[in-house]
Colleague: 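One structure is given below, represented as structure tokens, and several questions about it will come after.
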Amino acid sequence: MFDFGIIPPAMFLGMVIFMLYGFPVAFSLAAVGLFFGIIGIATGHFSEAFLQALPLRVFGIVSNDLLLAIPFFTFMGAILERCGLAEDLLEGTGKLFGAVPGGLAYAVILVGAVLGAITGTVAASVITMGVISLPIMLRYGYNPRLATGVIAASGTITQVIPPSLVLVVLADQLGRSVGDMYLGAIGPSVLQVAIFLGFILFLSIFRPGLMPPLPKEVRGEFNWALLMKVLAGMVPSVVLIFLVLGTIFMGLATPTEAGALGVVGAMALAALHRRLTWPLVREAMTSTMHITSMVVMILIGSTCFSLVFQGMDGSRWIEHMLSGIPGGQVGFLIFVNVFIFVLAFFLDFFEIAFIVIPMLAPVASALGIDLIWFGVLICVNMQTSFMHPPFGFALFYLRSIASRDVKTRDIYMGAIPWVVMQLILVAVVIFWPQSVTYWLNKGPAVDLNTIKIEIPGFGGNQLSLPPAPGGGSPQIPGLTLPPLNGLPGQQPAPATPAPANPVQPAPPPDLSQPPKIN
């Protein structure tokens, strides 16, 4: 474990101690990195030349065009959180499914998936659906644990569904395309929604008392007016999803440009709902500034830490430890997912992405693991960080807006089945990689064994030279070769008399004149 010195393990332990003590993550990482950098210089284990690259790294962070997608997507989500789109979707979809047991739960899952595809933020989805749906679900007999669990879990789908901020950060840390990360996340996000819907279907069949249907006077009649109301909420959402994701998948825009288009679309939807006001825009800008500043500061701190850590051969220490895990790729993936699952109890997904992923990516690449698939797998795992009792942020959001009649114990206990379902998806992605790789753009499959290169000959199908007039060695136009008079050790062949009218070689072209085209 200490083949590469004591300092890399000490750095890792120091980082954990600082975070457990409660210091801000960005400053803890920078302080640990600089502190051990000074120790390394004093003991001769670290070269000060590494620190000369720190200003260039910081400049690279603040000038990274890809990271501009984060404020755009954050601002888009903040606008949509306040424009009334979620309210219309939940009201219409709830009435549409209200006649069946678990109808409101179906509506919450589907609307959570749509909101995830257009907002990309967990807080917006959980708070919005909690404010609107939780009182109605409790009023009409839903089990409190089921109601709080389905709302919190549906909000965390946002982590996996593009344009998730987690996917943007992971693409940057893994050095891969954001568009490929989005394409790879399509399969797991669809599977996650299907698993959630299947769980509600199972409970509605065997435990319908946990989720009774809405009374007819509440849900109203199923008619064209209700259907048109649902479509009126869905169609603008689909258009916005195409602006954000369709332009990326079709290659018409970069993620940053698509985020800008999403902001324009979100403001248009807010204007359509007559809620585009200066206070709304100002609140959205303030929220965007806080999140973006936090991300950039954590990234700067993690860069300072990783620079010193790599200079101390920390990356080789990590690779040495993880490469020897029994089981090869599967053993490595199981260990990594258990490790991240435990870290998610204490660290935010941004912190995990900036601290842990740069250490794990080289090992995954050395083991032959596709980094797009690896990034999507880690993203699926990190969504559990929002559902962990008692530290899950989605549970905190739900506790802040739930009434006092809802016990905190019910919120925590209600989250456990959904965490299990999220872990089931992690296992599915590990043992069924095609759930991610199927959606990736691949070039035409070429079998190298079938490639045949044919060079046309001068006089036939094979590569050959035209024979010389009257026999002898082959001749190239304009180049005279001596005759081949037999092999070594043999009598030379009799010379062939030259023809009466020898062929005159063509005169060399006059390069001073333009070519003539007949």
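Because the structure is predicted, anything quoted here is derived from the model rather than measured.
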Colleague: Rounded to the nearest 0.5 Å, what separation is found between the CG atom of Leu191 and the CZ atom of Phe196?
Modeller: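 One finds 11.5 Å between CG of Leu191 and CZ of Phe196.
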
Colleague: When you measure from the side chain of Gln329 to the backbone of Leu367, do you find a donor-acceptor pair of N or O atoms at a distance under 3.5 Å?
Modeller: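 Flag set: sc Gln329 to bb Leu367 pair under 3.5 Å.
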
Colleague: Please determine whether side chain to side chain contact (heavy atoms under 4.5 Å, CB included) holds for the pair Ser133 and Leu104, giving the CA-CA distance in whole Å, both sets of side-chain angles, and the decisive distance to 0.1 Å.
Modeller: CA-CA 8 Å; Ser133 301; Leu104 284 179; over 6 Å; no

Colleague: For Glu257, is there any backbone N or O sitting under 3.5 Å from a side-chain donor or acceptor partner on Thr254?
Modeller: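 The answer is yes, because a donor-acceptor pair under 3.5 Å joins these two groups.
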
Colleague: Please name the pair of heavy atoms, one in Val178 and one in Pro255, separated by the smallest distance, quoted to 0.1 Å.
Modeller: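 Closest pair (atom of Val178, atom of Pro255, distance): CB-CG, 3.5 Å.
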
Colleague: Can you tell me which residue among Leu377, Asn381, Val426 is in a side chain to side chain contact (heavy atoms under 4.5 Å, CB included) with Ile340?
Modeller: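 Looking at Leu377, Asn381, Val426, the match for Ile340 under the side chain to side chain contact (heavy atoms under 4.5 Å, CB included) is Asn381.
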
Colleague: Under 3.5 Å, is there a donor-acceptor pair between the side chain of His388 and the main chain of Val419?
Modeller: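 Checked: no pair found.
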
Colleague: May I ask you to decide if the ring planes of Tyr182 and Phe249 are parallel, tilted or perpendicular, using 30° and 60° as cut-offs?
Modeller: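 Rings of Tyr182 and Phe249: perpendicular, as their planes differ by over 60°.
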
Colleague: Please examine the side chains of Val429 and Trp373, heavy atoms only from C-beta on, and report whether any two atoms are closer than 4.5 Å.
Modeller: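 Side chain of Trp373 against side chain of Val429, heavy atoms only: contact under 4.5 Å found.
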
Colleague: So, the side chain of Ser302 versus the backbone of Ile298: is there a donor-acceptor pair under 3.5 Å, distance only?
Modeller: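 Here the side-chain-to-backbone pair exists.
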
Colleague: Answer yes or no: is there a side-chain heavy-atom contact under 4.5 Å between Val308 and Val32?
Modeller: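 No - every pair of side-chain heavy atoms lies 4.5 Å or more apart.
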
Colleague: Please assess Val150 against Phe199 for the test side chain to side chain contact (heavy atoms under 4.5 Å, CB included), listing each intermediate value before the final yes or no.
Modeller: CA-CA 10 Å; Val150 70; Phe199 179 68; over 6 Å; no

Colleague: Do you know the tightest heavy-atom contact between Lys407 and Arg399?
Modeller: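 In terms of heavy atoms, the two residues are closest at C-NH1, 3.6 Å.
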
Colleague: Between the main-chain N or O of Ile161 and the side-chain N or O of Ser189, is there a donor-acceptor pair closer than 3.5 Å?
Modeller: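 A pair under 3.5 Å: no.
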
Colleague: Determine, step by step, whether Met181 and Ser177 satisfy the side chain to side chain contact (heavy atoms under 4.5 Å, CB included) criterion, reporting the C-alpha distance in whole Å, the side-chain angles of both residues, the deciding distance to 0.1 Å, and the verdict.
Modeller: CA-CA 6 Å; Met181 292 292 290; Ser177 166; over 6 Å; no

Colleague: What heavy-atom pair brings Ala402 and Leu134 nearest, and what distance separates the two atoms?
Modeller: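 So the minimum-distance heavy-atom pair works out to CB-CD2, 3.8 Å.
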
Colleague: Does atom CE of Met294 have more than 12 heavy-atom neighbours from other groups under 6.0 Å away?
Modeller: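 It does: Met294 CE has more than 12 such atoms within range.
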
Colleague: Please say whether more than 12 non-hydrogen atoms of neighbouring residues, nucleotides or ligands are located less than 6.0 Å from CZ in Arg409.
Modeller: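 No, the 6.0 Å shell around CZ holds no more than 12 heavy atoms from other groups.
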
Colleague: Do you know the tightest heavy-atom contact between Tyr142 and Ala147?
Modeller: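 For Tyr142 versus Ala147, the nearest heavy atoms are CB-CB, 4.4 Å.
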
Colleague: Would you sort out whether Met382 and Leu170 count as a side chain to side chain contact (heavy atoms under 4.5 Å, CB included), showing the intermediate values?
Modeller: CA-CA 11 Å; Met382 284 199 294; Leu170 287 173; 4.1 Å; yes

Colleague: Short question: side chain of Ser204, backbone of Leu201 - any donor-acceptor pair under 3.5 Å?
Modeller: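 Checking the backbone N and O of Leu201 against the side chain of Ser204, a donor-acceptor pair under 3.5 Å is found.
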
Colleague: With a 4.5 Å limit on heavy-atom distance, are the side chains of Met11 and Phe35 in contact?
Modeller: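 Not in contact.
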
Colleague: Are any non-hydrogen side-chain atoms of Leu261 and Val244 less than 4.5 angstrom apart?
Modeller: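 They are not in side-chain contact.
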
Colleague: Phe354 versus Leu29: any side-chain heavy-atom pair under 4.5 Å?
Modeller: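 In short, these two side chains do not touch, never coming nearer than 4.5 Å.
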
Colleague: How many angstroms lie between atom CD1 of Ile357 and atom CG of Asp172, to the nearest 0.5 angstrom?
Modeller: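 With rounding to 0.5 Å, CD1 (Ile357) is 12.0 Å from CG (Asp172).
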
Colleague: Quick check for you: to the nearest 0.5 Å, what is the distance between Leu183 atom CG and Leu167 atom CG?
Modeller: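 CG of Leu167 is found 11.0 Å from CG of Leu183.
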
Colleague: Nearest 0.5 angstrom please: Ile248 CD1 to Phe242 CZ, how far?
Modeller: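 Here the rounded value is 11.5 Å.
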
Colleague: What is the distance from atom CG of Leu54 to atom CZ of Phe59, rounded to the nearest 0.5 Å?
Modeller: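 So the gap between those two atoms works out to 14.0 Å.
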
Colleague: Does a side-chain heavy-atom distance below 4.5 Å link Thr384 with Thr156?
Modeller: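 Counting from C-beta outward, Thr384 and Thr156 never come under 4.5 Å.
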
Colleague: Classify the angle between the aromatic ring planes of Phe309 and Phe305 as parallel (below 30°), tilted (30 to 60°) or perpendicular (above 60°).
Modeller: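 Judged by the thresholds at 30° and 60°, the geometry between Phe309 and Phe305 is parallel.
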
Colleague: Of all the heavy-atom pairs spanning Phe36 and Met312, show the shortest one and how long it is.
Modeller: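 Heavy-atom minimum between the residues: O-CE, 3.1 Å.
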
Colleague: Regarding Thr158 and Gln383, do their side chains bring together a donor and an acceptor under 3.5 Å, going by distance alone?
Modeller: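 Note: Thr158 and Gln383 side chains miss the donor-acceptor criterion.
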
Colleague: Find out whether Ile79 and Val263 are in side-chain contact, i.e. whether some heavy atom of one side chain is under 4.5 Å from a heavy atom of the other.
Modeller: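 Ile79 vs Val263: side chains apart.
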
Colleague: I need the Thr292 OG1 to Phe72 CZ distance, nearest 0.5 Å.
Modeller: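 The CZ atom of Phe72 is 10.0 Å from OG1 of Thr292, to the nearest 0.5 Å.
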
Colleague: State, with a plain yes or no, whether a side-chain heavy atom of Val376 is found less than 4.5 Å away from one of Pro188.
Modeller: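 The answer is yes; the side chains approach within 4.5 Å.
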
Colleague: Could you pull out all donor-acceptor pairs under 3.5 Å where a side-chain atom in residues 106-118 meets a protein atom, sequence neighbours excluded?
Modeller:
none

Colleague: Mind listing the closest non-hydrogen atom pair of Thr148 and Val406 along with its distance?
Modeller: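 Residues Thr148 and Val406, closest heavy atoms: CG2-CG1, 3.9 Å.
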
